[in-house]
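Below you'll find the structure, written out as structure tokens, and then a few comments.
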Amino acid sequence: MKNSIAGKKWLAACALSLLVSAQALAEDKVTLLLDWFVNPDHAPIVIAEKKGYFAEQGLEVDIQEPADPSMPPKLVAAGKADMAVTYQPQLHMQIDEGLPLTRVATLIATPLNTLVTLKSSNINSIADLKGKKVGFSVGGFEDILLKVMLKEKGLTFDDVELVNVNWSLSPSLITGKVDAVVGAFRNFELNQLDIENHPGHAFYVEEEGVPAYDELIMVVNNKDRDHEKYRRFNVALEKAVQYIVNHPDEAWTVFKDYKPKELDNELNRRAWKDTLPRFALQPGALGQRRYETFARFMQEQGLIKNKVPALADYAIEP
């Protein structure tokens, strides 16, 4: 009889423990700020949410689109949000500025940045840009990309005319305002130009003297970087990437239904296909040599002013 009572108490205690653990797990909420409005670059996040992979990991993820694309990392650094989607080059500069940020995941594992011309322009090499107008949207990193690409072919800024096109990359090419644009994403601007019947040609930065880097990453505040929920976040994200790779058509349907009015169009359909091979298959994995090489490049180009910190100080595998 005593053994029976003891057994029941033990089972009840186990059940209570499991219930408390499940409740604690369910309480893990993550406010995630995107870098821009939802687009195919964010597909693993959307799929993980829509397919219930975040929920499986005991996560409630609040996905938010920023009013100001420059703010998400700053809001995370200020403790106003849990995670932000940002760019590896920006992370290096933000760390140099003293922001308490740590990379915990990768979305897009290759550069997306390119220098784009129209195929009809007969610009077949970066060297052909001499005497031409080159449009840009954001100074700083894009300037450096162009400088390095020009240097590879023996040119300098003095050999081209820089024009601030204020985010109007494709229209500026189509109207002839500029002969080339830097900062165009290979999965979007090229498709946009093709849809407008003005096919473009891309020069890929990693083939023109710039070290390869992760285009889109996710960062958290340093004080929160060791929280176990980010390991589970990566488990859900990796499962989403596997689903996308194995079932691209079904995944597209799930993705576009997230916001059909904004996402279900020809540009996003084309961008979806071009983005698929660029997703990080292991979002939590960190390429140490790659990050350290790119940090040195940023310092050599004057984008990092201070001593480069140890990689473990600003990038981890949860």
Side-chain angles (χ1 to χ4, degrees), residues 28-51 53-55 57-66 68-95 99-113 185 212-244 255 258 275 278-288 290-291 294-295 311-318:
D28 281 331
K29 297 182 180 180
V30 177
T31 301
L32 171 60
L33 307 181
L34 302 181
D35 61 305
W36 198 246
F37 53 84
V38 175
N39 63 72
D41 291 345
H42 308 123
I45 297 171
V46 172
I47 295 299
E49 173 64 22
K50 295 288 288 180
K51 294 287 289 182
Y53 301 151
F54 286 141
Q57 294 299 319
L59 298 174
E60 182 182 334
V61 180
D62 180 15
I63 303 168
Q64 298 183 11
E65 299 172 72
D68 179 352
S70 70
M71 288 304 295
K74 298 175 184 177
L75 292 172
V76 169
K80 303 296 184 183
D82 298 303
M83 300 183 78
V85 176
T86 186
Y87 308 83
Q88 184 189 334
Q90 274 62 40
L91 173 64
H92 291 287
M93 292 187 284
Q94 290 155 356
I95 296 301
L99 294 187
L101 297 171
T102 296
R103 172 269 178 209
V104 295
T106 298
L107 263 183
I108 303 291
T110 76
L112 292 179
N113 244 311
F185 272 15
Y213 58 89
D214 296 339
E215 189 69 56
L216 286 183
I217 61 174
M218 295 189 216
V219 295
V220 302
N221 192 294
N222 285 351
K223 65 179 177 58
D224 200 32
R225 61 186 256 166
D226 294 322
H227 199 295
E228 200 268 343
K229 65 186 177 184
Y230 297 121
R231 181 194 65 79
R232 287 184 276 122
F233 184 95
N234 274 316
V235 170
L237 208 62
E238 184 169 332
K239 189 172 181 179
V241 175
Q242 289 171 351
Y243 179 80
I244 292 169
F255 173 75
Y258 180 71
T275 310
R278 303 189 180 278
F279 291 130
L281 297 178
Q282 295 179 291
L286 176 65
Q288 179 175 337
R290 183 179 170 115
Y291 268 70
F294 198 76
L311 180 61
D313 291 345
Y314 65 92
I316 61 172
E317 292 186 5

### Query
Can you list the residues that meet the side-chain hydrogen bond (donor to acceptor under 3.5 Å, both in side chains) rule with T31, with sequence neighbours excluded?
none
### Query
Who passes salt bridge (charged side-chain N to carboxylate O under 4.0 Å, His left out) against K51, sequence neighbours left out?
none
### Query
Which atom names give the shortest non-hydrogen contact between E215 and L112, and what distance separates them?
OE1-N, 2.6 Å
### Query
Do Q88 side-chain atoms and Y213 backbone N/O form a donor-acceptor pair below 3.5 Å?
no
### Nearest non-hydrogen partners of L286 and A315, listed with the distance
CD2-O, 3.5 Å
#### Entry: Minimum heavy-atom distance between S70 and P73, given as atom pair plus value
O-CD, 4.0 Å
#### Entry: Within-4.5 Å side-chain heavy-atom neighbours: T86 and P72
no
### Task
Could you pull out all residues at least two apart from L281 that satisfy side chain to side chain contact (heavy atoms under 4.5 Å, CB included)?
V241, V245
### Task
Identify the two heavy atoms, one from A240 and one from A48, that lie closest to each other, and give their separation to 0.1 Å.
CB-N, 3.7 Å
### Task
Not counting sequence neighbours, which residues clear side chain to side chain contact (heavy atoms under 4.5 Å, CB included) with P40? List them please.
F188, F255, N268, A271, W272, T275
### Task
Please name the pair of heavy atoms, one in Q57 and one in A236, separated by the smallest distance, quoted to 0.1 Å.
CG-CB, 4.1 Å
#### Entry: F185 side chain reached by I108 side chain, heavy atoms, under 4.5 Å
no
### Task
Answer yes or no: does atom CD of Q282 have more than 12 heavy-atom neighbours from other residues, nucleotides or ligands under 6.0 Å?
no
### Query
Among all residues two or more places apart in sequence or in another chain, which pass the salt bridge (charged side-chain N to carboxylate O under 4.0 Å, His left out) test with E317?
none
### Those residues that, when tested against E65, pass side-chain hydrogen bond (donor to acceptor under 3.5 Å, both in side chains) (two or more places apart)
K259
### With Y314 via ring pair (Phe, Tyr, Trp, His ring centres under 6.0 Å) - residues at least two apart
H92
### Task
Heavy atoms only: give me the nearest L237-P283 pair and the separation to one decimal.
CD2-CB, 3.7 Å
### Task
Would you please test L216 and Y87 for side-chain contact (heavy atoms from CB on, under 4.5 Å) and show each step?
CA-CA 5 Å; L216 286 183; Y87 308 83; 3.3 Å; yes
### Message
Set out, in order, the CA-CA distance, both residues' side-chain angles and the distance that settles side-chain contact (heavy atoms from CB on, under 4.5 Å) for L33 and K80, then state yes or no.
### Response
CA-CA 10 Å; L33 307 181; K80 303 296 184 183; over 6 Å; no
#### Entry: Those residues that, when tested against Q288, pass side-chain hydrogen bond (donor to acceptor under 3.5 Å, both in side chains) (two or more places apart)
E292
### Task
Quick one: list whatever passes side chain to side chain contact (heavy atoms under 4.5 Å, CB included) with K229, sequence neighbours left out.
D28, V30, L59, D82, D224, H227, R232
### Query
Counting only N and O atoms by type, is there a donor-acceptor contact under 3.5 Å from the side chain of R103 to the main-chain atoms of M218?
no
### Query
CG/L101 to CG/N221 distance, rounded to the nearest 0.5 angstrom?
7.0 Å
### Task
Start with the C-alpha distance between F233 and V104, add both sets of side-chain angles, then the distance that settles side-chain contact (heavy atoms from CB on, under 4.5 Å), and finish with yes or no.
CA-CA 10 Å; F233 184 95; V104 295; over 6 Å; no
### Partners meeting side chain to side chain contact (heavy atoms under 4.5 Å, CB included) with I63 (sequence neighbours left out)
L34, I45, E49, V61, Y258
## Note on the structure
The complete set of side-chain hydrogen bond (donor to acceptor under 3.5 Å, both in side chains) pairs with one or both residues in residues 36-48, sequence neighbours excluded, reads D35-H42, D41-N187
### Query
Measuring from T102:OG1 to I217:CD1, what's the distance to the nearest 0.5 Å?
10.0 Å
### Task
Quick one: list whatever passes ring pair (Phe, Tyr, Trp, His ring centres under 6.0 Å) with F279, sequence neighbours left out.
none
